[in-house]
Amino acid sequence: AQSVTQPDIHITVSEGASLELRCNYSYGATPYLFWYVQSPGQGLQLLLKYFSGDTLVQGIKGFEAEFKRSQSSFNLRKPSVHWSDAAEYFCATYGQNFVFGPGTRLSVLP
Amino acid sequence: NAGVTQTPKFQVLKTGQSMTLQCAQDMNHEYMSWYRQDPGMGLRLIHYSVGAGITDQGEVPNGYNVSRSTTEDFPLRLLSAAPSQTSVYFCASSRLRGTDLNYGYTFGSGTRLTVV
């Protein structure tokens, strides 16, 4: 069965610092992998996706993610965080259905 | 504007009442689904549909019904509301396969439901 874990419930970083949000998945085959962002009171917006090919994918808002098959991971990174990045981030896979992780809430200190 | 439209945005129900959450998309997506979002639990799939006339259960289907009579609409019915159904509900749609899946899911803006 598909599953997604996000080990960090809440992360706080200072503005301008680098960011890495962790995501691990479980699926028999190579899944489609996604990262979504949800601002307070809003729906979910797609940040980036991985299907195949280059394991480092670029997304919107300066985010990138790296697929590591050996670690079953798809971690999200950003070199310099902005205050507007404060939100909840969800990792998701698509195999037979979309399955979402529990989310990581990001707080940004000024 | 193309996208997924959910109504209502907010709703308060009394225990035992029934209601229907509406979801419509104008992108000709085959796949539509309903999720509920609860703190610390991410999004959990309630029901989904891969096309008109086809529906199936997700992770947490109990207490909810769906139907898909058209490609565009996918309403979610609460048969007898319970406080445990207090949540934020999201409808989403997608192409099923191929390069269109590049766009992932398109989400509605959500319905915040409180059952008292």
Side-chain angles (χ1 to χ4, degrees), chain A residues 1-11 21-26 29-54 57-60 63 65 74 76 87-105, chain B residues 1-7 9-10 21 23 25 27 29-50 54-61 66 87-112:
Chain A
Q2 294 171 249
S3 68
V4 177
T5 57
Q6 294 178 249
D8 304 305
I9 297 173
H10 184 204
I11 285 181
L21 302 182
R22 296 183 290 165
C23 170
N24 294 96
Y25 69 90
S26 173
T30 300
Y32 297 136
L33 294 162
F34 303 85
W35 274 100
Y36 287 85
V37 60
Q38 184 182 31
S39 298
Q42 303 296 314
L44 280 75
Q45 180 184 20
L46 179 66
L47 280 176
L48 48 77
K49 60 199 179 286
Y50 171 79
F51 291 170
S52 64
D54 193 348
V57 294
Q58 302 297 320
I60 62 172
F63 285 92
F74 188 56
L76 182 71
E88 188 139 22
Y89 293 80
F90 293 93
C91 181
T93 73
Y94 179 80
Q96 295 176 321
N97 283 304
F98 278 95
V99 174
F100 289 83
T104 297
R105 184 161 61 93
Chain B
N1 291 337
V4 178
T5 303
Q6 282 185 243
T7 55
K9 291 190 182 300
F10 301 94
L21 307 185
C23 175
Q25 54 91 9
M27 298 169 286
H29 284 171
E30 304 97 332
Y31 188 98
M32 296 186 74
S33 57
W34 277 100
Y35 288 85
R36 58 177 292 172
Q37 184 179 25
D38 303 291
M41 305 195 73
L43 281 83
R44 292 182 292 169
L45 182 65
I46 304 172
H47 285 285
Y48 66 97
S49 168
V50 298
I54 306 170
T55 63
D56 207 345
Q57 297 180 349
E59 181 184 358
V60 288
V66 292
S87 187
V88 180
Y89 291 84
F90 287 99
C91 179
S93 72
S94 173
R95 290 284 190 189
L96 272 176
R97 291 286 184 270
T99 56
D100 284 337
L101 191 58
N102 282 335
Y103 296 98
Y105 254 156
T106 300
F107 281 87
S109 57
T111 297
R112 186 173 296 275

Peer 1: At a 4.5 Å cut-off on heavy atoms, which part of A:Leu44 comes close to chain B: side chain, backbone, both, or neither?
Peer 2: both

Peer 1: Count the heavy-atom pairs under 4.5 Å between each of B:Gly42, B:Pro39, B:Gly110, B:Ser109 and chain A, then report the option with the highest count.
Peer 2: B:Gly42

Peer 1: Just wondering, are more than 12 heavy atoms of other shown residues or ligands nearer than 6.0 Å to CZ in B:Arg112?
Peer 2: no

Peer 1: Quick one, A:Phe98 and B:Ser94 - any side-chain contact, counting heavy atoms below 4.5 Å?
Peer 2: yes

Peer 1: Looking at A:Gly103, A:Pro102, A:Gly43, which makes the most heavy-atom pairs under 4.5 Å with chain B?
Peer 2: A:Pro102

Peer 1: Does the ring center of B:Phe107 lie less than 6.0 Å from the ring center of A:Tyr36?
Peer 2: yes

Peer 1: Checking B:Leu45 against chain A: side chain, backbone, both or neither under 4.5 Å from a heavy atom?
Peer 2: side chain

Peer 1: Taking all heavy atoms of B:Phe90 and all of A:Gln42, pick out the closest pair and write down the distance.
Peer 2: CZ-O, 3.8 Å

Peer 1: Tell me, side chain or backbone of A:Gln6 under 4.5 Å from chain B's heavy atoms, or both, or neither?
Peer 2: neither

Peer 1: Can you tell me which portion of B:Gln37 sits under 4.5 Å from chain A's heavy atoms? Options are side chain, backbone, both or neither.
Peer 2: side chain

